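Here the structure comes first, spelled out in structure tokens, and everything after it is commentary.
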Amino acid sequence: NAGVTQTPKFQVLKTGQSMTLQCAQDMNHEYMSWYRQDPGMGLRLIHYSVGAGITDQGEVPNGYNVSRSTTEDFPLRLLSAAPSQTSVYFCASSKGFNEQFFGPGTRLTVL
Amino acid sequence: KQEVTQIPAALSVPEGENLVLNCSFTDSAIYNLQWFRQDPGKGLTSLLLIQSSQREQTSGRLNASLDKSSGRSTLYIAASQPGDSATYLCAVVSQGGKLIFGQGTELSVKP
């Protein structure tokens with residue numbers, strides 16, 4: 001199993017550009033989620049999904065969109081990048097309330 | 001609103017020492033609690049998951065305890081080694097598999 005994979009590893013955007021961060025898991029996990037990690041703020045939940053076709057907002061959803069058309073994939077879309085979205089983004093998955101597994105992260109810089 | 005606190009924020013110990021990391025949470029209505037390790041610039045590695053009905057969980061030199069009624073969890077590391085140096089994060093698992101993280105304890109084990 002590859003576990004949870006994320007692409008790209010690094011990305012630099014200009015203010016106003018849009019992009020999609022990819023997340024995939026091959027463990028048949030129903031639950032998937034996106035977090036961002038910032039110095040002094042810790043890890044905060046952006047969006048989460050409890051199954052294909054079902055998504056909900058977390059603590060800091062503004063400026064981000066998600067969709068879940070398959071069990072395996074949970075992409076995160078930045079609609080119009082802002083410098084405040086400079087962060088490290090982590091995707092996670094779990095089978096229900098069992099152990100959660102994290103991807104290696106995407107380091108995003110918005111200029 | 002659930003809040004998770006980890007004390008201390010940083011800890012430096014000599015190799016071989018036994019140590020305890022603390023995690024407290026304000027709302028006892030949790031599903032599970034999970035401890036993670038994060039090395040600098042890396043993703044999160046799961047260490048232990050304690051189900052809400054459990055009191056403790058062990059893996060090798062690690063032992064985690066959970067007291068829901070008092071809103072506390074501890075991570076005990078026996079015979080610490082320089083390779084244990086990392087940031088340790090605790091997270092409570094709430095509805096939808098959402099994780100609410102503490103700010104972490106940065107551990108340094110000196111040879």
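Chain identifiers are assigned alphabetically (A, B, ...) following the order of the sequence lines, protein sequences preceding nucleic acid strands; residue numbering begins at 1 within each chain. What you are looking at is a predicted structure, and each value in this text was computed from that prediction instead of being measured.
With a 4.5 Å cut-off on non-hydrogen atoms, B:S52 does not touch chain A at all. For A:Q37, the part lying near chain B is the side chain, with the backbone staying farther off; criterion is any non-hydrogen pair under 4.5 Å. B:K42 touches chain A through its backbone: at least one of N, CA, C or O sits under 4.5 Å from a heavy atom, while the side chain does not. Of the two parts of A:M41, only the backbone, made up of N, CA, C and O, holds a non-hydrogen atom closer than 4.5 Å to a non-hydrogen atom of chain B. For a residue to count as touching a neighbouring chain, one of its non-hydrogen atoms must lie under 4.5 Å from one of that chain's; by this rule A:R107 touches chain B with the side chain only. The contact between A:E59 and chain B is made entirely by side chain atoms (from C-beta outward), counting heavy-atom distances below 4.5 Å. With a 4.5 Å cut-off on non-hydrogen atoms, B:Q6 does not touch chain A at all.
Here the side chains of A:N98 and B:Q51 are in contact, with some heavy-atom distance below 4.5 Å. No side-chain heavy atom of A:L43 sits less than 4.5 Å from a side-chain heavy atom of B:L99.
The nearest pair of heavy atoms linking A:F90 to B:Q38 is CZ-NE2, 3.7 Å. Closest of all the heavy-atom pairs between A:Q100 and B:F36 is O-CE2, 3.8 Å.
Of the inter-residue distances, the one linking B:Q34 atom CD with A:F101 atom CZ reads 7.5 Å to the nearest 0.5 angstrom.
Ranked by heavy-atom pairs under 4.5 Å with chain A, the list B:G97, B:G41, B:G43 is led by B:G97.
Using bins of under 30°, 30° to 60° and over 60° for the plane-to-plane angle, the ring pair A:F102/B:F101 lands in the perpendicular bin.
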